[in-house]
Amino acid sequence: MTDPRFAGIGMTSARTRDRLVQRLREQGIRSAEVLERIRTVPRHIFVDEALASRAYEDTALPIGFGQTISQPYIVARMSEALLAGGPLHNVLEVGTGCGYQTAVLAGLVGRINSIERIEPLLARAKARLKELGVRHVRFRHGDGIEGWKSNAPYDGILVAAAPLAVPEALLAQLADNGRLIMPVGGEGGQELMRYTRREDRIEKMPLGSVSFVPLQPGVA
Ligand code: SAH
């Protein structure tokens, strides 16, 4: 991470990032390792240069193609929920988007398998993560509703877009004690959910209301 752009200046400086971390702590994020990733991963690299000065505000921002980079609080909350319950060796991420969530997770888990349905977004995310020296990520242009069977089972699955109901394929690809963190619901309201596999039973736990872009079928 020697590129001077990664360190940031002014509104992208270390002090600005520290303020964001402090805010997330106040909002209830407890995991020191997650907060450290939020502090060190340069979020401004993942958005358009015109938006870089807003990269450390706790807000979602447009990344093109009608999609958004997730709000830092949500990235932290989902990462923390995924990590609770033991180490993660093999993780599936659905909805790579700009790659920011992937970069945050990369320092915290073993291998990541990341699927995105919009090809130009995936290409950009790949390039950025390579620049940042993020390794141990396998990418796929595809429909994450089907999961990624050949690399399953997963001890963690994280989905960054909301379906009306949890996709069966994702539950089927969870390892024993594996957890799936994802928003579920439509325009009337979405709930962030945690599904944990206990042998052939699935434990369900609501984690609060959220607002995500819809999980869409097919590729673009
Ligand atoms: N964590 C990402 C979030 C991006 S928004 C970030 O911080 O940038 C959610 C992403 O999910 C979008 O890029 C959207 O194209 C993608 N998506 C929606 N439905 C999908 C599907 N069925 N399979 C894979 N990706 C999907």
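For ligands, and for the atoms within them, numbers begin at 1 and follow the listed sequence.
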Say whether T96 and Q101, considering side chains only, have a donor N or O and an acceptor N or O under 3.5 Å apart. no
Are any of the N/O atoms on E93, whether in the backbone or the side chain, positioned under 3.5 angstrom from an N/O atom of ligand 1? no
Report, in ascending order of atom number, the atoms of ligand 1 lying under 4.0 Å from any heavy atom of I69. 6 (C), 7 (O), 8 (O)
Contacts of Y154 that satisfy ring-ring contact (aromatic ring centres under 6.0 Å, His included) - sequence neighbours left out: none
Partners meeting side-chain hydrogen bond (donor to acceptor under 3.5 Å, both in side chains) with E203 (sequence neighbours left out): R198
Which residue and heavy atom of the protein sit nearest atom 1 (N) of ligand 1, plus the separation: Q101 CB, 3.5 Å
Less than 4.0 angstrom from a charged side-chain N to a carboxylate O is my criterion; do R23 and E26 meet it? no
Test of understanding: given a 4.0 Å heavy-atom threshold, classify the contact between I118 and ligand 1 as side chain, backbone, both, or neither. side chain
Ligand 1 to I115, heavy atom cutoff 4.0 Å, flagged ligand atoms 24 (C), 25 (N)
For L121, counting its heavy atoms only, list the atoms of ligand 1 lying under 4.0 Å from any of them. 13 (O)
Taking 4.0 angstrom as the limit and counting only heavy atoms of G97, give me the atoms of ligand 1 inside it, by number and element. 4 (C), 8 (O), 13 (O)
For atom 20 (C) of ligand 1, the protein heavy atom that lies nearest, with its residue and separation: R117 CD, 3.3 Å
Flag for Q22-R19: side-chain donor and acceptor within less than 3.5 Å: no
Identity and distance of the protein heavy atom lying nearest atom 15 (O) of ligand 1: E116 OE2, 2.6 Å
Taking side chain as C-beta onward, heavy atoms only, is S70 less than 4.5 Å from Y100? no
Decide whether N113 and R138 meet the rule of one side-chain donor and one side-chain acceptor closer than 3.5 Å. yes
So for ligand 1, is L215 a polar contact partner (N or O within less than 3.5 Å, distance only)? no
Looking at A60, G64, C98, the heavy atom closest to atom 8 (O) of ligand 1 belongs to C98
Taking both backbone and side-chain atoms of Q216, is any N or O found less than 3.5 Å from an N or O belonging to ligand 1? yes
Do the side chains of R128 and E131 get close enough for a salt bridge, i.e. N-O under 4.0 angstrom? no
Closest protein heavy atom to atom 9 (C) of ligand 1, given as residue, atom name and distance to 0.1 Å: A160 O, 3.4 Å
Is the backbone N or O of H141 less than 3.5 Å from a side-chain atom of E116, with the two atoms forming a donor-acceptor pair by type? no
When you measure from the heavy atoms of T96 to every atom of ligand 1, does any distance fall below 4.0 Å? yes
Any idea which atoms of ligand 1 are less than 4.0 Å away from a heavy-atom of G142? 23 (N), 24 (C)
Using only atom types and a distance under 3.5 Å, with no angle test, would you say the side chain of D48 pairs donor to acceptor with the backbone of A50? no
Could you tell me whether a side-chain N or O of R197 sits under 3.5 Å from a main-chain N or O of L174, the two making a donor and an acceptor? yes
Taking the side chain as C-beta and beyond, is there a heavy-atom pair between M193 and V166 under 4.5 Å? no
Tell me: protein heavy atom nearest atom 11 (O) of ligand 1, and distance? G95 CA, 3.2 Å
Counting from 1 in the order shown, the ligand 1 atoms closer than 4.0 Å to a non-hydrogen atom of V213 are 5 (S), 9 (C)
Identity and distance of the protein heavy atom lying nearest atom 7 (O) of ligand 1: S70 N, 3.2 Å
For ligand 1, is A125 a contact, meaning one of its heavy atoms is under 4.0 Å away? no
re atom 23 (N) of ligand 1, the protein heavy-atom contact at minimum distance is G144 N, 2.8 Å
Heavy-atom contacts under 4.0 Å between T68 and ligand 1: side chain, backbone, both, or neither? backbone
Shortest protein heavy-atom distance from atom 12 (C) of ligand 1, along with the residue and atom involved: Q67 OE1, 3.2 Å
Is the closest side-chain heavy-atom distance between V219 and E119 below 4.5 Å? no
